[in-house]
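Everything below concerns the one structure shown next.
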Amino acid sequence: SAYLHAYASCGTTATMVNLTGTTMLCQRYGGDTCANQMHAVATNSNCEALDATQCAGRSNFCEWRSSALTTGSQCVNKWSAVALQQACTPCLDVLLNFRLLQNPTSAEDKLVLRLSSRTQCAKVQNTFCVPIFNSVPFMLRAMAVTSGNTMSIAEVEGNTSNICTPVGATCINKVTALAAKIVKVNAAKEVRNCVSLDHTSRSSCFNSYKNTLSQVRRDVWTYFTMCAKGAGPNRDQFCNPTIHRWYRNDCRYSSCTSECVERGVRLANDMGCCATYAAEALGTAVPRSTVPTEFRDDLSYNFVERNEQMNHRHNVSYYVLTYCSGRDTYNAAEADAALARTLSTCPGARVSRSMQLRGLRWSVISGNATLRAKLTESLRTDIALAAGVVVESVNATLVVDTTQALTTSRRQATAGTKVEYTIETDSTSTALLIASEVDAAASGGTLRVDSAAVVLDEECTNCVGSPTAAPGGTPAPPPTGAFGSSLAGPSSGPPVDGSSASARAASCVALAAIFVGVAAAFL
């Protein structure tokens, strides 16, 4: 470190970058240097070149299984809790900072790198989430509700109950949200590149982008549906088993016997408001409001997507319940009552919070409506990622924060900014867990607001200021920190309100590449 300061002007840029990186990786954590720790993780996580015997010898990092990308079986990354305990230390932030120093890259690539590490190291109540996410059987998911599903309904019920504990459900949703964000960031980068090429059709670029958004939306709701609640007489049971029963009903569109008609009504009543989740998990619509504002006016929308007030849950149950209308076995009153139940809103709970945005000058934000809208949208995304919910479940508003006094000039000050937000969840227990997780991260300075940091870096000049110094004094430097965590300050809010209504592979490969790339290029 002393050498770097003394001879900074003497070496080439590449030399100084490597020397700076050496200093960074020589930091110590837990009694050893970050270089040694990350080298061990990089070596152990390089699974692809191993044979079956070697793979078995690294059981915490690797496993031998069939691959969707190649013929036969191969050794792939496993990322057990033991492996993640070794990888997810403060040294990982040091490593990522070094990689960004060594290989300057675009804002999107930086964000993907950061999101990948967050996905792999995601925790709820000190429990790593990726092993829980990886344990979800394919046949349990909503996209596998066809009659050909070999998992019995009893197994669906048992697996759902075992996996969807409060921690398990929150973990699955958090990993899902983070992985989906990675795909969306990459898709946005691809569509920008696509429209910049003279030989391509703008419409084909945006059609491809919309198809990606549709698939991501289905994947997100598939996982979110798995642990959602709202079924049963009291609307407090898991939705997933009832959705499986509804779609596996062999009477659908095939028979109008008394038994089949009665079964359809019974299953619809049992599913109830869970039809919301079924419609999202199995639908293809991309509501206009869910498209980033940058591309919102470039996409084409169908009637349902343009008219979002249209209740698309109607299609989940209506045609089955009315299939036998006009037959002697049909009971219109019972069918209408069941349909109304599937169109009802699931009960839920609301988390309301206010979070300080350290150093963010309100005078700059308040006077720029476009910037304020972009920053609000990015904060909604960051809060949703931290909470493990879909962005649509988060409402946020930027407001003045008079508790902050930030420099505008040597002797003048301006107020700061805070974000007031609410998060809608499906149950009070989930809301309490989310509230405790978000509060702890905000209070501990570990709540990541990576998307908001990108907006500020790219589109905001003079937005961040120092806490005001005494008149005539030297202001402290503006807040800084790793990966946007320093912008988010303490949060506060009332108790949970229970009265309100309510791409795994990409992230694994990305983080494995970080470790393996460092092992090859530097260590």
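The backbone N or O of Leu433 lies less than 3.5 Å from a partner atom in the side chain of Ser436, making a donor-acceptor pair. Judged purely by atom type and a 3.5 angstrom limit, Arg235 uses its side chain to pair as donor or acceptor with the backbone of Thr345. For the pair His244 (side chain) and Ser152 (backbone), a donor-acceptor distance under 3.5 Å is absent. Panel note: side chain Glu305, backbone Val286; a donor-acceptor pair is recorded below 3.5 Å. No donor-acceptor pair under 3.5 Å is formed between the side chain of Thr329 and the backbone N or O of Ser258. Under a 3.5 Å cut-off, the side chain of Ser254 and the backbone N or O of Asp250 do form a donor-acceptor pair. The backbone N or O of Trp79 sits nowhere less than 3.5 Å from a side-chain atom of Asn77 that would complete a donor-acceptor pair. Checked by atom type and distance alone, the side chain of Asp426 pairs as donor or acceptor with a backbone atom of Lys229 at under 3.5 Å. Between the side chain of Ser196 and the main chain of Asn193, a donor-acceptor pair closer than 3.5 Å is present. Not one N or O on the side chain of Asn240 forms a donor-acceptor pair closer than 3.5 Å with the backbone of Val156.
Summarising the local packing, CZ of Arg296 is surrounded by more than 12 heavy atoms from other residues, nucleotides or ligands at distances under 6.0 Å. Annotation: Asn302, atom CG; neighbour count of heavy atoms from other residues, nucleotides and ligands within 6.0 Å is above 12.
Listed here is the closest heavy atom pair of Val351 and Arg353: CG1-CG, 4.0 Å. Closest heavy-atom contact between Ala349 and Ala431: CB-CB, 3.8 Å. Contact detail for Tyr277 and Cys346: the closest heavy-atom pair is CE1-SG, 4.2 Å. Ser73 and Trp64 get closest at one heavy-atom pair: CB-NE1, 3.3 Å. Between Arg245 and Asp270 the shortest heavy-atom distance is NH1-OD2, 3.9 Å. The nearest pair of heavy atoms linking Tyr301 to Val291 is OH-CG2, 3.7 Å.
Residues passing the salt bridge (Lys or Arg N to Asp or Glu O under 4.0 Å) test with Asp336: none are found, sequence neighbours excluded. Legend: residues meeting side chain to side chain donor-acceptor pair (under 3.5 Å) with Asp51, ordered by chain and number and at least two apart, are absent. The ring-ring contact (aromatic ring centres under 6.0 Å, His included) test applied to Phe224 returns no partner, not counting sequence neighbours. In this structure Arg118 satisfies the salt bridge (Lys or Arg N to Asp or Glu O under 4.0 Å) test together with Asp450, sequence neighbours excluded. For Lys184, there are no salt bridge (Lys or Arg N to Asp or Glu O under 4.0 Å) partners at least two apart in sequence or on another chain. Every residue was checked against the salt bridge (Lys or Arg N to Asp or Glu O under 4.0 Å) condition with Glu262, not counting sequence neighbours, and none meets it. Judged as a side chain to side chain donor-acceptor pair (under 3.5 Å), and not counting sequence neighbours, Lys78 has no contacts. By the ring-ring contact (aromatic ring centres under 6.0 Å, His included) test, Tyr330 pairs with no residue at all, sequence neighbours left out. Shown here are the side chain to side chain donor-acceptor pair (under 3.5 Å) partners of Glu63, two or more places apart in sequence or in another chain: Arg65. By the ring-ring contact (aromatic ring centres under 6.0 Å, His included) test, Phe238 is found to be paired with no residue, residues two or more places apart in sequence or in another chain being considered.
A side-chain N or O of Ser317 and one of Thr342 form a donor-acceptor pair less than 3.5 Å apart. With 3.5 Å as the limit, one finds no donor-acceptor pair spanning the side chains of Thr322 and Ser325. For the 3.5 Å distance criterion, the side chains of Asp219 and Gln215 qualify, holding a donor opposite an acceptor. If you check the side chains of Asn186 and Lys189, you find no donor sitting under 3.5 Å from an acceptor.
Using a 4.5 Å heavy-atom cutoff, the side chains of Gln237 and Thr242 are not in contact. Annotation: side chain of Asn44 is not in contact with side chain of Asn60 (no heavy-atom distance under 4.5 Å). Val320 places a side-chain heavy atom less than 4.5 Å from the side chain of Trp246. In this structure, the side chains of Tyr247 and Leu282 come closer than 4.5 Å at one or more pairs of heavy atoms. Taking the side chain as every heavy atom from C-beta outward, Leu447 and Met355 approach each other to under 4.5 Å. Asn269 has its side chain within reach of Val265: a pair of non-hydrogen atoms, C-beta onward, lies under 4.5 Å apart. For the pair Leu92/Leu96, a side-chain contact is recorded, criterion being any heavy-atom separation below 4.5 Å from C-beta on. The shortest distance between side-chain heavy atoms of Leu140 and Ile163 falls below 4.5 Å.
The SG atoms of Cys256 and Cys324 lie less than 2.5 Å from each other. SG atoms of Cys239 and Cys274 are separated by less than 2.5 angstrom, consistent with a disulfide link. Under the 2.5 Å SG-SG cutoff, Cys55 and Cys75 qualify as a close cysteine pair. Cysteines Cys260 and Cys251 have SG atoms closer than 2.5 angstrom.
Within the structure, the salt bridge (Lys or Arg N to Asp or Glu O under 4.0 Å) test picks out the following pairs touching residues 372-387 (sequence neighbours left out): Lys374-Glu459.
The line from CE of Met271 to CZ of Arg341 is 11.0 Å long, rounded to the nearest 0.5 Å. With rounding to the nearest 0.5 angstrom, the CG atom of Leu84 is 6.0 Å from the SG atom of Cys121. Summarising the geometry, atom CD1 belonging to Ile434 is positioned 9.5 Å from atom OG belonging to Ser429; distances are rounded to the nearest 0.5 Å. In this structure, the separation between OG1 on Thr119 and NZ on Lys181 is 12.0 Å, given to the nearest 0.5 Å. The line from CG of Leu299 to SG of Cys205 is 11.0 Å long, rounded to the nearest 0.5 Å. With rounding to the nearest 0.5 Å, the separation of CG in Leu115 from OG in Ser117 is 7.5 Å.
Ring geometry, Phe206 versus Phe295: the interplanar angle falls from 30° to 60°, so the pair is classed tilted. Relative ring orientation between Tyr323 and Tyr253 is described as perpendicular, the plane-to-plane angle rising above 60° on a 0-90° scale split at 30° and 60°.
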Contacts under 3.5 angstrom, residues 385-399 side chains, donor-acceptor by atom type, not counting sequence neighbours:
{"unit_1": "Glu392", "atom_1": "OE2", "unit_2": "Arg217", "atom_2": "NH1", "d": "2.6"}
{"unit_1": "Glu392", "atom_1": "OE2", "unit_2": "Arg217", "atom_2": "NH2", "d": "3.4"}

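A ring-centre distance under 6.0 Å is found for Tyr223 and Phe133.
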Evaluation steps, side chain to side chain donor-acceptor pair (under 3.5 Å), between Arg218 and Ser214: CA-CA 6 Å; Arg218 287 197 302 275; Ser214 176; 2.8 Å; yes

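Arg114 has no carboxylate O lying under 4.0 Å from a charged side-chain N of Asp93, or vice versa, which leaves the two without a salt bridge.
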